K.L.:
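Here it is: the structure, laid out below.
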Amino acid sequence: MSRYFAREVVLKIADAVSGGEVVPVETAHISGVSYFTIGEYGVEFLEFLASSGARVSVFTTSNPAVVDISGFLAVDEKMARGQERIYKALRSMGVSVTYSCTPYEFILTRSRTFHAWAESSAVAYINTFRDAWSDKNPGPLALLGAIAGFVPKTALYTLEGRRPTAVVEIEHGPLEALEAGIVGAVLGERMGFGIPYIRGALFADEESRREFAASLSTYSAMVFAVIEGITPNWRQYLEIADFRDKFKIDSRDISSYLKDAETPDVIYFGCPFADIDTVLWVLSEVKKRGPARRPIYISTSPGVYGQIRKLAEEMREYNVNIFSGSCLVVSPYTRNFKVVATDSLKAAFYIPRLHGVRVVPCRRMGCLELAYA
């Protein structure tokens with residue numbers, strides 16, 4: 001009954017957006033699993049599906065929640081109870097409740113395979129850096145697609161729909177996390193939509209790739225870019241490109257996003273969730289300097305947190321708080337602060353809008369310096 005319902009809904013949507021065509025998917029990743037963002041009506045929808053016997057038919061993971069796994073980001077009882085109901089509904093449907101915005105850490109999506117992912121930064125990451133194919137499916141559609149086993153065959157599930165439409169020249173050295181995020185934001189704001197083909201982008205590390213994907217998808221409707229020399233099959237994309245626009249992004253564009261640092265209440269790393277190299281880098285720098293004057297918050301995936309749990313507990317003495325399964329974007333805990341310093345352009349976009357908290361963008365080392373200022 002419930003799978004039939006999911007199939008019918010997805011097919012109806014396909015009638016409207018893809019001429020009735022659908023594609024089978026290998027995996028799904030659903031967003032809209034935080035009680036803070038979906039509220040009571042969202043919980044009731046999930047409980048309706050669960051109570052009707054719905055079960056996902058492909059491996060399905062979930063986005064961050066309103067509470068972190070260790071309970072560090074305290075929330076009121078109503079939100080905690082609501083999140084527990086979400087957890088139970090997802091589990092009963094067979095969803096792997098990973099509470100991570102970086103499922104690509106453990107799902108090795110293969111090139112030219114189809115997926116039903118909803119988290120925009122993760123969609124942009126696997127599209128751009130793996131040439132795995134997913135559109136940005138709304139959270140409910142990704143879940144219904146996971147149950148049905150297919151989603152509408154929108155443009156990004158076709159080679160024609162992934163044809164580059166603009167060439168972008170990056171005139172800058174290796175891009176660290178903040179700079180990569182700014183490039184994504186500038187590109188997103190200038191293009192808005194389409195498929196950019198990027199030349200000259202040098203990413204300093206894994207964290208900078210995550211920040212680029214997150215920022216591109218935050219500041220535009222785009223969740224796919226072809227990066228010369230990096231995106232699998234980039235040569236084929238160059239051959240079929242239909243360039244209608246040309247853009248250049250240089251150091252002046254990046255500098256325009258930086259401003260005098262306002263004194264923050266807290267320094268925040270991990271939007272999207274910080275990889276293990278970034279976490280260990282921050283901890284190493286803090287250990288050299290001693291306890292930070294201002295608290296440092298790091299959100300990371302449950303997988304990374306599990307590897308460093310003991311170290312994370314020790315770092316509390318250094319005023320470093322590491323948590324997993326949630327973040328300062330989706331948790332109302334953030335409203336305890338007035339100013340947050342971060343190297344994430346995605347966090348800089350959402351935190352003021354969702355929580356009314358000011359954000360100071362800073363390079364990773366600059367953010368760390370602010371913790372001791």
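One is the number of the first residue; the rest follow in order along the sequence. Here the structure is a predicted model, which is why all the values come from computation and not from measurement.
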K.L.:
Between the main-chain N or O of Leu178 and the side-chain N or O of Glu211, is there a donor-acceptor pair closer than 3.5 Å?
P.N.:
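Such a contact is absent between Glu211 side chain and Leu178 backbone.
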K.L.:
Judged by atom type as modelled, is there a donor-acceptor pair below 3.5 Å linking the side chain of Arg3 to the main-chain atoms of Ile147?
P.N.:
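Yes: the side chain of Arg3 pairs with the backbone of Ile147.
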K.L.:
Would the distance check show the side chain of Ser18 and the main-chain N or O of Ala14 forming a donor-acceptor pair, the cut-off being under 3.5 Å?
P.N.:
yes
K.L.:
Could you state the interatomic distance from CD1 (Ile254) to CD (Glu171), rounded to the nearest 0.5 Å?
P.N.:
11.0 Å
K.L.:
Say you draw a straight line from CG of Leu187 to CD1 of Ile182; how long is it, rounded to the nearest 0.5 Å?
P.N.:
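Output value for this atom pair is 13.5 Å.
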K.L.:
Find out whether Phe106 and Ser301 are in side-chain contact, i.e. whether some heavy atom of one side chain is under 4.5 Å from a heavy atom of the other.
P.N.:
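Not in contact.
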K.L.:
Could you tell me if the side chain of His172 sits less than 4.5 Å from the side chain of Leu202, heavy atoms only?
P.N.:
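Answer no - side chains too far apart.
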K.L.:
Just to verify, what does Tyr125 make a ring-ring contact (aromatic ring centres under 6.0 Å, His included) with, not counting sequence neighbours?
P.N.:
Tyr104, Phe129
K.L.:
Stepwise, does the side-chain hydrogen bond (donor to acceptor under 3.5 Å, both in side chains) test hold for Thr98 with Ser96?
P.N.:
CA-CA 6 Å; Thr98 51; Ser96 179; 5.2 Å; no
K.L.:
Let me see the working for Gln307 and Ile276 under side-chain contact (heavy atoms from CB on, under 4.5 Å), right down to the final yes or no.
P.N.:
CA-CA 9 Å; Gln307 297 177 60; Ile276 192 164; 3.4 Å; yes
K.L.:
With side chains defined as the heavy atoms from C-beta onward, is the minimum distance between Val282 and Ile322 less than 4.5 Å?
P.N.:
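In short, these two side chains do not touch, never coming nearer than 4.5 Å.
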K.L.:
Mind checking whether Val359 and Phe273 sit in one hydrophobic cluster, side chains of I, L, V, M, F, W, Y counted as touching below 4.5 Å?
P.N.:
no
K.L.:
Salt bridge or not for Glu84 and Arg81, using N-O below 4.0 Å?
P.N.:
no
K.L.:
Cys pair Cys362/Cys367: SG distance under 2.5 Å?
P.N.:
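The sulfur gammas are closer than 2.5 Å, so yes.
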K.L.:
Any salt bridge between Lys88 and Glu47, counting N to O under 4.0 Å?
P.N.:
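No, no charged N to carboxylate O under 4.0 Å.
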K.L.:
Search all heavy atoms of Ala65 against all heavy atoms of Ser326 and return the closest pair with its distance.
P.N.:
O-OG, 2.7 Å
K.L.:
Walk me through it: do Arg130 and Thr109 pass the test side-chain hydrogen bond (donor to acceptor under 3.5 Å, both in side chains)?
P.N.:
CA-CA 7 Å; Arg130 295 182 182 169; Thr109 48; 3.2 Å; yes
K.L.:
I'd like to know if the side chain of Asp245 pairs up with that of Thr165 as donor and acceptor (distance under 3.5 Å, no hydrogens or angles considered).
P.N.:
no
K.L.:
Less than 4.0 angstrom from a charged side-chain N to a carboxylate O is my criterion; do Arg209 and Glu206 meet it?
P.N.:
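Salt bridge flag = yes for Glu206 with Arg209.
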K.L.:
In plain terms, say whether Arg363 and Glu179 are close enough for a salt bridge, that is, a side-chain N and a carboxylate O under 4.0 Å apart.
P.N.:
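Salt bridge between Arg363 and Glu179, a charged N being under 4.0 Å from a carboxylate O: yes.
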K.L.:
Ignoring hydrogens and angles, tell me if any N or O in the side chain of Thr231 forms a donor-acceptor pair with the backbone of Ile227 under 3.5 Å.
P.N.:
yes
K.L.:
Using the rule given for side-chain contact (heavy atoms from CB on, under 4.5 Å), can you reason through Ile69 versus Tyr305, listing the C-alpha separation, both sets of side-chain angles and the distance that settles it, and then say yes or no?
P.N.:
CA-CA 10 Å; Ile69 290 173; Tyr305 187 81; 5.8 Å; no
K.L.:
So do Val304 and Glu105 actually touch side chain to side chain, heavy atoms under 4.5 Å?
P.N.:
yes
K.L.:
Check whether more than 12 heavy atoms from other residues, nucleotides or ligands sit under 6.0 Å from atom CZ of Arg91, and answer yes or no.
P.N.:
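No.
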K.L.:
Any chance you could lay out the side-chain contact (heavy atoms from CB on, under 4.5 Å) test for Leu311 and Leu280, step after step, and finish with the verdict?
P.N.:
CA-CA 10 Å; Leu311 181 58; Leu280 293 178; 4.0 Å; yes
K.L.:
If you round to the nearest 0.5 Å, how far is OG of Ser134 from CD of Glu119?
P.N.:
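Separation between the atoms: 11.0 Å.
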K.L.:
Is it true that, when you exclude Arg7 itself, more than 12 heavy atoms of the residues, nucleotides or ligands shown sit nearer than 6.0 Å to its CZ?
P.N.:
no
K.L.:
Do Ser217 side-chain atoms and Ala213 backbone N/O form a donor-acceptor pair below 3.5 Å?
P.N.:
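Checked: pair present.
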K.L.:
Would a distance-only check, ignoring hydrogens and angles, find a side-chain to backbone donor-acceptor pair under 3.5 Å from Arg294 to Pro264?
P.N.:
yes
K.L.:
Looking at Asp76 and Met79, would you say the former's side chain and the latter's main chain have a donor-acceptor pair under 3.5 Å?
P.N.:
yes
K.L.:
Does Lys248 come within less than 4.0 Å of Glu169, counting only side-chain N to carboxylate O?
P.N.:
no
K.L.:
Tell me whether Ser256 contacts the main-chain N or O of Asp253 through its side chain, where contact means a donor paired with an acceptor under 3.5 Å.
P.N.:
yes
K.L.:
Verify the distance criterion only: is there a donor paired with an acceptor across the side chains of Ser208 and Glu176 at less than 3.5 Å?
P.N.:
no
K.L.:
If you group Ile, Leu, Val, Met, Phe, Trp and Tyr by side-chain heavy-atom gaps below 4.5 Å, do Ile240 and Ile230 land in one group?
P.N.:
yes
K.L.:
With a 4.5 Å heavy-atom cut-off, do Val339 and Thr263 have their side chains touching?
P.N.:
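No, too far: nothing below the 4.5 Å cut-off.
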K.L.:
Within a radius of less than 6.0 Å around CZ of Arg110, do more than 12 heavy atoms belonging to other residues, nucleotides or ligands occur?
P.N.:
no
K.L.:
Determine which pairs satisfy salt bridge (charged side-chain N to carboxylate O under 4.0 Å, His left out) with at least one residue from residues 150-164, sequence neighbours left out, and list them in order.
P.N.:
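Counting only pairs at least two positions apart or across chains, the salt bridge (charged side-chain N to carboxylate O under 4.0 Å, His left out) contacts touching residues 150-164 are Glu21-Lys153, Asp131-Arg162, Glu160-Arg163.
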K.L.:
About how many Å separate CG of Leu144 and NZ of Lys12, when rounded to the nearest 0.5 Å?
P.N.:
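That separation rounds to 14.5 Å.
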K.L.:
Can a salt bridge be assigned to the pair Glu314 and Arg309 using a cut-off of 4.0 Å between side-chain N and carboxylate O?
P.N.:
no
K.L.:
Which distance, rounded to the nearest 0.5 Å, do you find between the CD1 of Ile351 and the NZ of Lys346?
P.N.:
11.0 Å
K.L.:
Between the side chains of Asp250 and Arg252, is the shortest nitrogen-to-carboxylate-oxygen separation below 4.0 Å, so that they form an ion pair?
P.N.:
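Counted as a salt bridge, because a side-chain N and a carboxylate O are separated by less than 4.0 Å.
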K.L.:
Under 30°, 30 to 60°, or over 60°: which ring-plane class applies to Tyr99 and Tyr87, parallel, tilted or perpendicular?
P.N.:
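Because their plane-to-plane angle lies in the 30° to 60° range, the rings of Tyr99 and Tyr87 count as tilted.
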K.L.:
Distance to the ring centre below 6.0 angstrom and angle to the axis at most 45 degrees; does that hold for Arg364 and Phe269?
P.N.:
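Verdict for Phe269: no cation-pi partner in Arg364.
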K.L.:
Pick from Ile30, Leu143, Ile86: which one makes a side chain to side chain contact (heavy atoms under 4.5 Å, CB included) with Ser62?
P.N.:
Ile30
K.L.:
Quick check for you: to the nearest 0.5 Å, what is the distance between Leu328 atom CG and Leu354 atom CG?
P.N.:
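CG of Leu354 is found 11.5 Å from CG of Leu328.
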K.L.:
Any side-chain heavy-atom pair from Glu40 and Arg85 closer than 4.5 angstrom?
P.N.:
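Result yes, sub-4.5 Å side-chain heavy-atom pair found.
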K.L.:
Once the angle between the rings of Tyr297 and Phe323 is folded into 0 to 90°, is it parallel (under 30°), tilted (30 to 60°) or perpendicular (over 60°)?
P.N.:
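If you compare the ring of Tyr297 with that of Phe323, the planes turn out perpendicular.
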K.L.:
Say whether, by atom type as modelled, one donor and one acceptor occur between the side chain of Asn63 and the main chain of Val33 under 3.5 angstrom.
P.N.:
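Not a single qualifying donor-acceptor pair exists.
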K.L.:
Which of parallel (below 30°), tilted (30 to 60°) and perpendicular (above 60°) describes His29 and Trp117?
P.N.:
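Rings of His29 and Trp117: tilted, 30 to 60°.
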K.L.:
For Arg358, is there an ion pair with Glu262 - N to carboxylate O distance below 4.0 angstrom?
P.N.:
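Here Glu262 pairs with Arg358 in a salt bridge, since their nearest N and O are under 4.0 Å apart.
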K.L.:
Answer yes or no: does atom CD of Glu189 have more than 12 heavy-atom neighbours from other residues, nucleotides or ligands under 6.0 Å?
P.N.:
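More than 12 within 6.0 Å, yes.
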K.L.:
With ring pair (Phe, Tyr, Trp, His ring centres under 6.0 Å) as the test, would you mind laying out the steps for Tyr237 and Tyr197 before giving the verdict?
P.N.:
CA-CA 8 Å; Tyr237 285 118; Tyr197 180 91; 8.8 Å; no
K.L.:
Taking Ala185's backbone N and O only, do any of them form a donor-acceptor pair with Ser215's side chain (distance below 3.5 Å, no angle check)?
P.N.:
yes
K.L.:
Is any side-chain heavy atom of Thr154 closer than 4.5 Å to one of Val17?
P.N.:
yes
K.L.:
Under 6.0 Å between ring centres, would you say that holds for Phe114 and Tyr157?
P.N.:
yes
K.L.:
Parallel, tilted or perpendicular for Tyr219 and Tyr257, by the 30°/60° rule?
P.N.:
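Ring orientation of Tyr219 relative to Tyr257: perpendicular.
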